[in-house]
Amino acid sequence: MKIIDGKELAKTIKGEIAEEVKALIAQGGKTPHLAAVLIGDNPASQVYVGNKVKSCEQVGFKSTLIQRGSDITQEEVMEIVDRLNNDPDVDGFIVQLPLPGHLNEDEITLAIDPRKDVDGFHPMNIGRMSQGLPSYLPATPYGIMQMLERYEIETQGKEVVILGRSNIVGTPMSILLSRKAKIGNATVQLCHSRTTDIPGHCRKADILIAAIGRANFVTADMVKEGAVVIDVGINRVDDPSKKRGYRLDGDVHFEEVSKKCSYITPVPGGVGPMTVCSLMMNTLKSCRGEVYAKN
Ligand code: GUN
């Protein structure tokens, strides 16, 4: 069994991005600029956005953090989006999710200019991705694609099972792996809350991707010998032995499953660190006009 070390791979990729940024600036290009909008006081979102801003510094990007309280109105958020859409220095921006309950997430996502949607959540980018056109790929699926590519894991002709059909992980992942492409050409099954016999589907998987947000859901009896297991879950589990009172477990029972598979991603240190790389890569693509031509 081999560990897919997301932390190390993310470090390597960030180093590569930093080199590209230096070269871009040396050729007279602008410094890539990512803006992040953080609303409310969700502790996980604060950590994620903090990591995004820190990563910008590490790769030589400019970053802007726009932070507002949870009493902000929909109109005020829409104004921020409009301002960022029209700021020529901003190459891309994200509005961190989830938003406080009174805000309309769909309206906000749709208002983001697809040319600056480095999260890849806008239907225009999802549509382009589905048709194999240049697009910003959503962070988590893009990170997983990078892992598969860099670890030279064959996907062509393989049976892939994905647990979870969310808009930001399961559904785009299923589209990417079934596309006609080098990392793709797989036969994909997307399992969800109404799927009958999830364990039966999982046992057939050459590549199993778990993104359902249930701690230790995937156990050894659900995994084929030699399968590749990608764990997207980050679940808080009460643990009085830890100073903070909890630990972070994936959707996969690592101890059991790791004995049976060929590759596995740990939690933490697996998929998580890769998602920030995806955002950096999308921002660099935007700055270079690689997805949409610059005006
Ligand atoms: N919340 C969880 N993941 C993400 C992400 O990739 N982007 C944004 N904007 N919010 C998230």
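Residue numbers count from 1 along this sequence. Atoms within each ligand, like the ligands themselves, are counted from 1 in listed order. Predicted model only: the values in this text are computed from it and were never measured.
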Exercise. Report the part of T275 in contact with ligand 1, treating N, CA, C, O as backbone and CB onward as side chain, heavy atoms under 4.0 Å; options are side chain, backbone, both, neither.
Key: neither
Self-check item: Reference residue H33; test side chain to side chain donor-acceptor pair (under 3.5 Å); the match among T283, D87, D89
Solution: D89
Quiz item: Quick one: does S63's side chain have a donor or acceptor within less than 3.5 Å of a partner on L34's backbone?
Solution: no
Quiz item: Do you know which two heavy atoms are closest between S286 and Y136, and how far apart they sit?
Solution: CB-OH, 3.2 Å
Electrostatic pair [X]-[Y], nearest N-O below 4.0 angstrom:
X    : Y   : answer
K294 : D91 : yes
R150 : E16 : yes
E19  : K22 : yes

Self-check item: Heavy atom of the protein closest to atom 3 (N) of ligand 1 (residue, atom name, distance)
Solution: I168 CD1, 3.9 Å
Quiz item: Which residue owns the protein heavy atom closest to atom 9 (N) of ligand 1, what's the atom, and how far is it?
Solution: D119 OD2, 2.6 Å
Quiz item: If hydrogens are left out, which of Q96, E105, K52 has an atom nearest to atom 11 (C) of ligand 1, that is, the closest non-hydrogen atom?
Solution: Q96
Quiz item: Can you tell which of N42, L97, V37 gets a heavy atom nearest to atom 2 (C) of ligand 1?
Solution: L97
Self-check item: Contacting atoms of ligand 1, where contact means under 4.0 angstrom from a heavy atom of F121
Solution: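 Heavy-atom distances to F121 below 4.0 Å select 5 (C), 6 (O), 7 (N), 8 (C), 9 (N).
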Quiz item: Can a non-hydrogen atom of Y48 be found less than 4.0 Å from any atom of ligand 1?
Solution: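 Distance cut 4.0 Å: Y48 fails for ligand 1.
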